[in-house]
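Below: the structure, in C-alpha cells.
Numbers restart at 1 for each chain; the letters A, B, ... are given by sequence-line order, proteins then strands.
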Amino acid sequence: MKTKIYNDIVKSLKKINLNYNKNFGVEVPNIPEHGDFSSNVALVNTKVLKKKPHDIAKLLAEDLSKKRDYKSIKIAGPGFLNFKLATSLYYKELKKIGDAGTDYGKSDYGKSQKVLIEFISANPTGPLNVVSARAGAYGDSLYRIMDHLGFEPFREFYLNDAGNQVDILAESLEIRYRELHGHEVEEFPVEAYHGEYIKELAFELNTLEGTKLFHMTEDDRLERMKNFALDEIHKMQISSLKRFDVEFDNWMSEKKLRAEGTLEEALSYLAEAGCTYEKDDAVFFSSTKFGDEKDRVLIKADGNPTYLVPDIAYHLTKYNRGFNIILDVLGPDHHGHVSKLRAAIKALELDDSKLEIIYLQHINLLQDGEIVKMSKRTGKIITMDDLIDEVGKDAARYFFLDRRPSAHLDFDLELAKKKTSENPVFYCQYAYARINSVLKKAKKVKLSLKKCKDIKLKKLSKKDELDIIKKMLEFPAILQLCADNREPHRLAGYVHELASMFHKYYAKYKIIDEENPDLSCARLYLISAVQNVISISLGLMGISSPKKM
RNA sequence: GCGCCAAUAGCUCAGUUGGAUAGAGCAACGGAUUUCUAAUCCGUAGGUCAGGGGUUCGAAUCCCUUUUGGCGUGCCA
C-alpha cells in the first residue's frame, strides 16, 4: 500500500513537471487524525524545488485528489500530505489478500539478488548452545523472509573441522578414553573440553572399538578419535537444529577447503597483490595498508596457517560463487576479527561493500530473576536441546526474534514457559486458534465461508474492521523492512499487534450472527484473512500455528 | 590506551532510517464470562529518550564530547 501511494505521488510529480528527490517517505502516522497514510514529500523537496513546502503540497494534493482511491488528501502541519483512503480501496485490497492466500506478501522485491547467509558456524567440538540457538532463529527467519520476497537466499554453516580446536577435541577424547581403561589422569588440561558429552563419546567409541585403539600408533589413534568425535558431534548438531526447524543448504567444511588447495590459492592471490612478506620465520599480511591496526600473521613460524587463512579462503569462495549480498552472522566476540578479514577482501580487490557483518549480542538466561551462570571451561552450559526441552521450540524462537539483533537479550525461562497472556508467543498463537474455532463454529450453523456467495465486504463498515484491514496491508512493507535491515524482529512486533487487534475485535463484536448472514460472511472473510496473515508471519519466524490450544 | 556495541516508563523492550502529542508488553489496582475458546477484553499510571554541545523548517534518531556497562584488541579459533 505504501508503495502504491509512493508511486502515485511520483506519477503526479512527473505529471506536473516537478523535479524531485525520490528520497521521501510514505508512512502510517502515529495520530489517527492525520489520516491513513502520510508523506513528507513536500518537505523533503523544498530545497530541490526552491518552493515552500505548503505550495508543493498543494499542487500535489490537487492532482492526486482526482484519483478515486483517495477519499481525501489534506495538507497539514509544515506541509505533510495526509491521505485518507476510500473505503472501496480497502475492500479491493482485502479481496486481494484473500485471493493470495498463503502467498500473501510474496513479491519479486528481491529479484535476482543472491544472498548468502552464513550463521551459527559453531565449532564442531560440542553441543550447540543458546547463542547458536539465537543465531539459528535469526538466520533461518531472515532466510524465510527473503525467500518470501523473491530474493535468492542460501543458508550456509561453516564447519571448522580442521585446525587447533579440533586437535584439542581429539586429545580430550583420548583422555576420557584412557580413563575408561583405568589410566590415571593427574589433571584434566584447562584448555581441553570438559563437557560430559566427551565422556559419553568415549564410552560409545569404546563399545565400538574396545582396546583396539591402543594397538594403533598415536597419530592414527588421534586421527580416528578426531574423525569419530567430529562425526558424532556433527550429527548431534544436525539433530538439534532439526528440532529447531533450522536447515542448511550447505555445510562448508574447512577440511575440504584445505584439501582442495583453496588456502594456497588465497595466499597466492595475496602474494600476487604484493600484500605479504616474511619476518621472523612467519608470513605476514600487510593489512595495515587496508585500515587494519597492525599486520597479521598468515603462516606461523611452525609452518601452520593461522585461522585467518582458511577464513579468507572461505570468503573468496563466497565471492566466487556470485553472491550479491554476503551476510556473516557472528557473535559479539568476533568483531576484532572482522577488520582483518575486511582488509583481506580489499587486498584481493573484491567489493567489500557486499560483505555485511551482523553481530548478535549475548544472551542472559534468567531463572527466578537470577542470571544462570555458564562456563564453557567447566562444561557447565545450557545447550540448545536443554532450551528446547525446557520452553519448546516455538517460545524459544519467538523470544530470540522479538529483540533486535544488536541488543543484549535477557531470556526469562519462566516467562517462556508460561501459558498465559504474559507470554507473547501464546498470545499470537491463541489468536490463530481462536479464529479457527470461530470458523469451525460457523460451519455448524451453516455459515461456512464456502457457502457464502457474493460476499459483501461493504458490510465491514466499522472503524475496527477498516483498521484491521489497514494493518494487514502493512504486511508487505514490514517484510521489506525486515529484509532490508536484516531485522526480523519487526515481524514479531507486527504479528503481536495484529493478534491484539483481533482479540479486541473478537471481544467487541459478534462475528457469527445467523440473523444477519451477509454481515457474518463478510466478517468471516475478514478474520480468515487475519488468520492467514498471522499464520504466514509465524511461519516466517519458524513458529507453528496450532489449530487448537 | 585504541576499537566495536549499547544506554528510552519500576522491569523487558519498540520507535517505520530525520517527522506532527516518544509507544507496547509485563508488573499493580478495579471491572467484564447465560458467549464464536477468559491463554481474552475494558478502565486507571508512569518519561530530563544517560549528561552537555552542534547540524536544520524539525533530533530519541545524524555529528562532537563526557559518563556508565558489555565485548574485543594473540604466530587461539
Does C13(B) have its OP1 or OP2 closer than 4.0 Å to a side-chain nitrogen or oxygen of R404(A)? no
Using OP1 and OP2 only, check whether a side-chain N or O of R490(A) sits under 4.0 Å from G15(B). yes
A50(B) and C57(B), which share atom name P, separated by this distance in whole Å: 25 Å
Looking at C13(B), C75(B), C76(B), which one has an atom nearest to any side-chain atom of N164(A)? C76(B)
So Y509(A), base contact, sugar-phosphate only, or nothing? Heavy-atom distance under 4.0 Å. base
Inter-nucleotide C1' distance (C71(B), C11(B)), Å rounded: 24 Å
Which value, in whole Å, describes the distance between the C1' atoms of nucleotides C64(B) and U55(B)? 11 Å
Looking across every strand, which nucleic acid part, if any, lies under 4.0 Å from S38(A) by heavy atom: base, sugar-phosphate, or nothing? base
Specify whether Y6(A) and F24(A) have parallel, tilted or perpendicular ring planes, treating 30° as the upper limit for parallel and 60° as the lower limit for perpendicular. parallel
Can you see if the side chain of Y494(A) gets near the phosphate of A14(B) - specifically, an N or O under 4.0 Å from OP1 or OP2? no
Short side-chain N/O contact to C2(B) OP1/OP2 from K294(A), under 4.0 Å: no
Look at all strands and tell whether E293(A) reaches a base, only sugar-phosphate, or nothing, counting heavy atoms closer than 4.0 Å. sugar-phosphate
If you measure from the P atom in A60(B) to the same atom in U21(B), how many Å do you get, rounded? 11 Å
Decide yes or no for L169(A) and I233(A): does some side-chain heavy atom of the first lie under 4.5 Å from some side-chain heavy atom of the second? yes
Counting the atoms with a prime plus P, OP1 and OP2 as sugar-phosphate, which does N123(A) contact under 4.0 Å by heavy atoms, base, sugar-phosphate, or nothing? sugar-phosphate
Whether the side chain of D167(A) and the base of A77(B) hold a donor-acceptor pair under 3.5 Å is what I'd like checked. no
With C1' as the reference atom in both, quote the distance from G1(B) to G15(B) in angstrom, rounded to an integer. 36 Å
Euclidean distance for C1', U40(B) against A22(B) (whole angstrom): 28 Å
Which class fits the ring pair F399(A) and F411(A): parallel under 30°, tilted 30 to 60°, perpendicular over 60°? tilted
Does the side chain of D161(A) pick up a donor-acceptor pair with the side chain of S253(A) at under 3.5 Å? yes
G18(B) versus G58(B) - spacing of their C1' atoms, nearest Å: 8 Å
How is N82(A) classified with respect to the nucleic acid when contacts are heavy atoms under 4.0 Å: base, sugar-phosphate, or nothing? base
Side chain of H503(A) only, please: which of U16(B), C41(B), C75(B) is the nearest? C41(B)
Classify L43(A) by what it touches in the nucleic acid, base, sugar-phosphate, or nothing, heavy-atom distance under 4.0 Å. base
Think H496(A) has a side-chain N or O under 4.0 angstrom from the OP1 or OP2 of G23(B)? no
Any base atoms under 4.0 Å from V28(A), or only sugar-phosphate, or nothing? Heavy atoms, all strands. base
Interatomic distance, F37(A) CZ vs G19(B) P [rounded to whole Å]: 17 Å
Between R523(A) and Y505(A), do the side chains contain an N or O donor and an N or O acceptor separated by less than 3.5 Å? yes
Could you check which of C75(B), C41(B), C76(B) has an atom nearest any side-chain atom of V297(A)? C75(B)
N160(A) side chain, from C-beta outward: closest of A77(B), C41(B), U16(B): A77(B)
Using a heavy-atom cut-off of 4.0 Å across all strands, would you classify K508(A) as base, sugar-phosphate, or nothing? nothing
Counting only side-chain N and O atoms of Y427(A), is one of them less than 4.0 Å from OP1 or OP2 of C41(B)? yes
Of the candidates U12(B), C75(B), G74(B), the side chain of R296(A) sits closest to G74(B)
Taking side chain as C-beta onward, heavy atoms only, is L491(A) less than 4.5 Å from L401(A)? no
Reading RNA chain B from 5' onward, which residue's closest nucleotide shows up sooner: S39(A) or E474(A)? E474(A)
When we call it a touch if two heavy atoms are under 4.0 Å apart, what does D302(A) touch: a base, just sugar-phosphate, or nothing? nothing
Could you say whether D295(A) or F80(A) is positioned toward the 5' end of RNA chain B, judged by the nucleotide with the nearest heavy atom to each? F80(A)
Could you tell me whether K470(A) and E474(A) have a side-chain N and a carboxylate O separated by less than 4.0 Å? no
For C75(B), does OP1 or OP2 lie under 4.0 Å from any side-chain N or O of K300(A)? no
Using a heavy-atom cut-off of under 4.0 Å over every strand shown, decide if H34(A) touches base, sugar-phosphate, or nothing. base
With a cut-off of less than 4.0 Å, is there a side-chain N or O of R434(A) near OP1 or OP2 of A38(B)? yes
Counting any heavy atom closer than 4.0 Å, what does A477(A) reach on the DNA or RNA strands: base, sugar-phosphate only, or nothing? nothing
For atom P, what is the distance between A59(B) and C49(B), given to the nearest Å? 12 Å
In plain terms, say whether K462(A) and E465(A) are close enough for a salt bridge, that is, a side-chain N and a carboxylate O under 4.0 Å apart. no
